[in-house]
J.: 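I'd like to ask you about the structure that follows.
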Amino acid sequence: SGINTALSDSTTVGPMDGEILVSLKPDHTSTFAHMADLRRDLPHMFPQLEFFFQPADIIDQVLNFGQPAPIDIRISGPDNDAAYSLAAKVAGDIKRIPGVVDSHVAQVPDAPAITVDTDRTMAQQMGLDQRGVANDVLVTTSSSFQPAPNFWVDPKTGISYSLVAQYPPYKYASAENLWRIPVTPANGGQGQLLMNVAKFGRTTTPMVMSQLNIRPVFDVDADVQGTDLATDAAAIDRVIATDRPPPAAAITMQLSGQVDTMQESYSGLFGGMALAVVLVYLFLVINFQSWIDPLVVLMAVPFAIGGVMWMLFLSGTYISVPALMGTLMCMGLTTANSILVVTFANQRLAAGDTPREAAIVAGYTRLRPVLMTAGAMILGMIPMALGIGEGGEQNAPLGRAVVGGLIFATFATLVFVPTMYRLLRRPRRNVVLPVEGGHVESA
């Protein structure tokens, strides 16, 4: 396979690694619960092995920017041994943080290897060269696909098949069998055994080398379980600050991965929510021609945010991007319902009612449309909030945020908003304007 000569960003970097694909049944229970069970049981059953989970869905893979874990600590320096030692220490330190799981160093810098040192002078005397010896060893241990790829195309189906020649694997089951690999001169001369023209040795070699800004880098990957990413990221920052070497070592440590995406997304969403409130307020000021009415309208928004927080707390759901998106949706619907109440109250106020009467009538009159709008949204979001269906756990925070926020916001729209309207709205005062022959009352 051509993959042998290409490096892909995978955690399977050598023959000592293996991947286990677990396919769950359609009616399976929580995926995260099964992952927690495997993390707990497998190390006890196989203490000599190391287990960790890779991102199984495309969303996590995109959010991780190709990394195999949401937490990625990049350690780079001029001395590979010092950088790897520091990476191993950091991996052990963050493993003790509650909620951090699957902590490991992605790179393997000291994998065992067998060296084949060709005696070029002796090989030349036998009609051999370094390239020919390397190709013979490669064909024997792998196949002829690497040095001489050849294909056969089926004329009926048009499917191409690789035609390869390979030494029987059972004939080089040990290192001693490698000594007897036949090497043949390119001019068709007498063949030789590999041990006649080369010396064998043992060493260690990196299985994969990663670079960051043209410098070698070691990645400490980890995941979270039973907690949120932001809490563990703060704890990992403290570990990095403690383990950070002195500046003279010229070793850099950087926390990246999904943490960067999370922080950028949260700052953007929180900033967007604040900007949305300001823009809505300014737009309502133009619409109502008042500074007080838009303020009354937006007084239901804190109740919506409070309802979102309570629902996430009661359901054990962490703050996430879907939850914040649900908060934005809830804020928009809450503002729309409050506008209905305040607009109708202004109409009653213009008809001659007092602010108290206008607030009460607006609350009663707009009760049905507000309940219908909020109720339809709540009922529509309940299946999403329950996490029903494939991948339902990912969108459940959005539904829970909308349901909790609208429950609180509906109460605020029908009770708190009219109350504040009564308190902040001044009653209209009649002013008597004298004219010839009588007087005219003006509001």
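Residue numbers count from 1 along this sequence. Quantities reported herein were computed from a predicted structural model and do not represent experimental measurements.
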J.: Is the shortest heavy-atom distance from the side chain of Asp293 to the side chain of Tyr421 under 4.5 Å?
T.: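 Heavy-atom side-chain distance check passes, below 4.5 Å.
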J.: Decide side-chain contact (heavy atoms from CB on, under 4.5 Å) for Leu386 and Ile382; before the verdict, give the C-alpha distance in whole Å, the side-chain angles of both, and the deciding distance to 0.1 Å.
T.: CA-CA 6 Å; Leu386 296 176; Ile382 287 179; 4.1 Å; yes
J.: Please list, chain by chain and in numerical order, all residues satisfying side-chain hydrogen bond (donor to acceptor under 3.5 Å, both in side chains) with Asn196, sequence neighbours excluded.
T.: Gln192
J.: Are Val133 and Leu194 side-chain neighbours, meaning at least one heavy-atom pair lies under 4.5 Å?
T.: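 Touching, per the 4.5 Å side-chain cut-off.
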J.: Going by heavy atoms in the side chains, are Pro418 and Val341 under 4.5 Å from each other?
T.: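 They are in side-chain contact.
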J.: Going by side chain to side chain contact (heavy atoms under 4.5 Å, CB included), name the residues that satisfy it together with Pro246, two or more places apart in sequence or in a different chain.
T.: none
J.: Taking Gly226's backbone N and O only, do any of them form a donor-acceptor pair with Tyr318's side chain (distance below 3.5 Å, no angle check)?
T.: yes
J.: Do you know which of Leu333, Thr334, Thr327 makes side chain to side chain contact (heavy atoms under 4.5 Å, CB included) with Met331?
T.: Thr327
J.: Using the test salt bridge (charged side-chain N to carboxylate O under 4.0 Å, His left out), find all partners of Arg120 that sit at least two apart in sequence or belong to another chain.
T.: none
J.: Is any side-chain heavy atom of Phe53 less than 4.5 Å from a side-chain heavy atom of Leu38?
T.: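 Yes. Closest side-chain heavy atoms under 4.5 Å.
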J.: Treating Gln107 as the side-chain partner and Met207 as the backbone partner, does any N or O pair qualify as donor plus acceptor under 3.5 Å?
T.: no
J.: Which pair of heavy atoms, one from Tyr281 and one from Leu295, lies closest together, and at what distance?
T.: CE1-N, 3.6 Å
J.: So, does Asn135 use its side chain to make a donor-acceptor pair with the main chain of Gly132 at under 3.5 Å?
T.: no
J.: Would you give the length of the straight line joining atom CD1 of Ile75 to atom CG of Leu86, rounded to the nearest 0.5 angstrom?
T.: 4.5 Å
J.: Evaluate the side-chain proximity of Thr141 to Leu178: yes if any heavy-atom separation is below 4.5 Å, no if none is.
T.: yes
J.: Between Val417 and Val297, is any pair of side-chain heavy atoms under 4.5 Å apart?
T.: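 No, too far: nothing below the 4.5 Å cut-off.
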J.: Hey, is the main chain of Ala222 close enough, under 3.5 Å, to the side chain of Ser103 for a donor-acceptor pair?
T.: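 No.
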J.: Tell me if a side-chain donor or acceptor on Ser162 pairs with a main-chain N or O of Phe151 at a distance below 3.5 Å.
T.: no
J.: Is a side-chain N or O of Ser267 found less than 3.5 angstrom from the main chain of Glu264, in a donor-acceptor match?
T.: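 Checking the backbone N and O of Glu264 against the side chain of Ser267, a donor-acceptor pair under 3.5 Å is found.
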J.: Checking the side chain of Ser210 only, and the main-chain atoms of Val217 only, is there a donor and an acceptor separated by less than 3.5 Å?
T.: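 Pair absent, no side-chain N/O of Ser210 close to backbone of Val217.
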J.: Is a donor on one side and an acceptor on the other found under 3.5 Å between the side chain of Asp136 and the backbone of Thr184?
T.: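 Yes: the side chain of Asp136 pairs with the backbone of Thr184.
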